[in-house]
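Since the structure comes first, as C-alpha cells, the remarks are kept for the end.
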Amino acid sequence: MKRLRHLFILPTLVLGLASCGDPPPVDHISTLYVFGTKVEITVRGEDADLAKKATAQLDQDFKRMHKDWHAWKPGELTNLNRAFAAGESLAVTSFLKPLLIQAKTFENLSDGLFNPAIGALISAWGFHNDEKPKGGLPDFNLIRDLAARKASLNDITIDGDLVSSSNATVQLDFGGFAKGVALDRAEQTFKDLGIKSALINAGGDINTLNGPDADPWQVGIRDPKSWGVIATLDLADGEDVYTSGNYERFREIDGVRYAHILNPATGMPVDHIVSATVITHNGALADAAATALTVAGPKDWHRIAKKMGIKFVILVDDNGTVYLNPAMKARIVFNPEAKITIIESAPL
Ligand code: ADP
Ligand code: MG
C-alpha cells in the first residue's frame, strides 16, 4: 500500500512522496530563492553532508543563471538584446549558446506559440518575470506594430560564437522556459554528485531524479478556480512535470485581467483561462510546452502537443473542464469530490 509521507502546498501543485518502505528513507529538504520564486529541494536517502554540498552548488549555479539569462537586468542576455537592436553581432559564452539553440528548436516545434524572441512585447506589457507589473495599458498600436514585425529565433544567425539578428525587434526573454533549463542543469549536477533520488520544485515546476525501482514521487494538480486538488499522479523514473497558466500572474487594469502569457501572433495576452500541465523527461521541453499549450488552449492543444512530442498532457479551464489524452487519463487519479467534466482526446 502506498502511503503519503508528506504534503507541500504549492502555487500550482500539491505534492508529496509516495513511499512503500518502512522506515522511510531520510529526506533532506532545503529552500533557495531564485528566479523570483522559492525553489524547494528534497534529497532523499543520502548523507546529510552530500545533500548540503549539492544544494550549495545549486545555489551558486542558479544565481549565475538568474543573472546571465535575465531579460532586462544587466547581464549577458541584455548585452545580446542591445546588440540585436543596434544591428550588431556579439560573441556569446558557452553558457548562453545552447540556450539559443534550444529556444529555436522549441519555437519551431510549437509552431511559434512558444516564442522567446518576443521580449519587446513582454516588456511593453510590463510582464517581467520576477517583478510586480506597474503602469497602465500599453499603446495597442505599439503592440500591433511589434507583433507584425514577427520577431523569431529564426531571425538569429549563430556563427561560431558570434550571434546576430536580421530583425531588430528580436529581444530574447527566456521567462517561458528558463526554469526548465535551470532545473535540468540542477538535475545533472545532482547526478554528477552521485545523488540518486531528489525532487527540485520551483514554484510547482518540478524535476525529479529517481531510479525505475524507487518509490515514485507523487504530485497533485489543482484547478485554476477554486484551488482544490482535482487529481494526483505519480512521477516515475525521473519524470518532470511543468504547469503553465494564465490565471495566477496577470495585471488588472480598469477591471480587465491581462495574463502574462502572450499570443505571439497578436501580441495580446491569451484570453482563455487555462492551466496546462505536461510530463516529460526534459524540464526545458516541458516548460516550453506548458507555455505553448496555454497559448494553444482547449481548441489547439492536441495538435501542438503532438508536434512537440509530448505524451502526457492535462489542461484545466476555469469552468472545471479537463482536457487530457488517454495515456494521461490512465495514470491520473481524480479526486472524487472535484466537480469537473472530463474531455478525453484522441491518443497523442
Ligand atoms: P511561469 O513562469 O508562471 O511558470 P511560464 O513558464 O508560462 O509561466 O512563463 C511565462 C513567462 O514566459 C512570461 O512571464 C514571459 O516572460 C514569457 N512568455 C509570455 N508569453 C510567451 C510565449 N508565447 N512564448 C514564450 N515566452 C512567453
Ligand atoms: Mg513555461
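Along the sequence shown, residues carry numbers from 1. The shown structure was predicted, so the numbers you read here are calculated from the model rather than taken from an experiment. All values below were derived from every heavy atom in this structure, side-chain atoms included, with hydrogens, water molecules and symmetry-related copies excluded.
Across every non-hydrogen atom of V241 and T277, the tightest pair is CG2-CG2, 3.4 Å.
Counting heavy-atom neighbours within 6.0 Å of D159 CG, excluding the residue itself, gives a total of 12 or less.
Between D49 and K53 no salt bridge is recorded (no basic side-chain N to carboxylate O distance below 4.0 Å). With respect to the salt-bridge test (charged N to carboxylate O, under 4.0 angstrom), the residues D61 and R185 do not qualify. Between E46 and K196, at least one side-chain N (NZ, or NE/NH1/NH2) sits under 4.0 Å from a carboxylate O, which counts as a salt bridge.
Taking the side chain as every heavy atom from C-beta outward, W69 and V181 approach each other to under 4.5 Å. In this structure the side chain of N263 never reaches within 4.5 angstrom of the side chain of M268, judged on heavy atoms. Side-chain contact check for E239 versus W217: every heavy-atom pair is 4.5 Å or farther apart. Side-chain atoms of I279 and R331, non-hydrogen and from C-beta on, do get closer than 4.5 Å to each other. Residues F84 and V163 have side chains in contact (heavy-atom distance under 4.5 Å, counting atoms from C-beta outward).
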Just distance, no hydrogens or angles: give the donor-acceptor pairs under 3.5 Å from side chains in residues 286-298, sequence neighbours left out.
{"residue": "D287", "atom": "OD2", "partner": "G180", "partner atom": "N", "Å": "3.1"}
{"residue": "T291", "atom": "OG1", "partner": "G176", "partner atom": "O", "Å": "3.3"}
{"residue": "T291", "atom": "OG1", "partner": "D287", "partner atom": "O", "Å": "3.2"}
{"residue": "T294", "atom": "OG1", "partner": "S244", "partner atom": "O", "Å": "3.2"}
{"residue": "T294", "atom": "OG1", "partner": "A290", "partner atom": "O", "Å": "2.8"}

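Applying side chain to side chain contact (heavy atoms under 4.5 Å, CB included) to F190 and the options L50, L58, N207 leaves one that passes, L58.
Atom CD of Q57 is separated from atom CD of Q60 by 5.5 Å, given to the nearest 0.5 angstrom.
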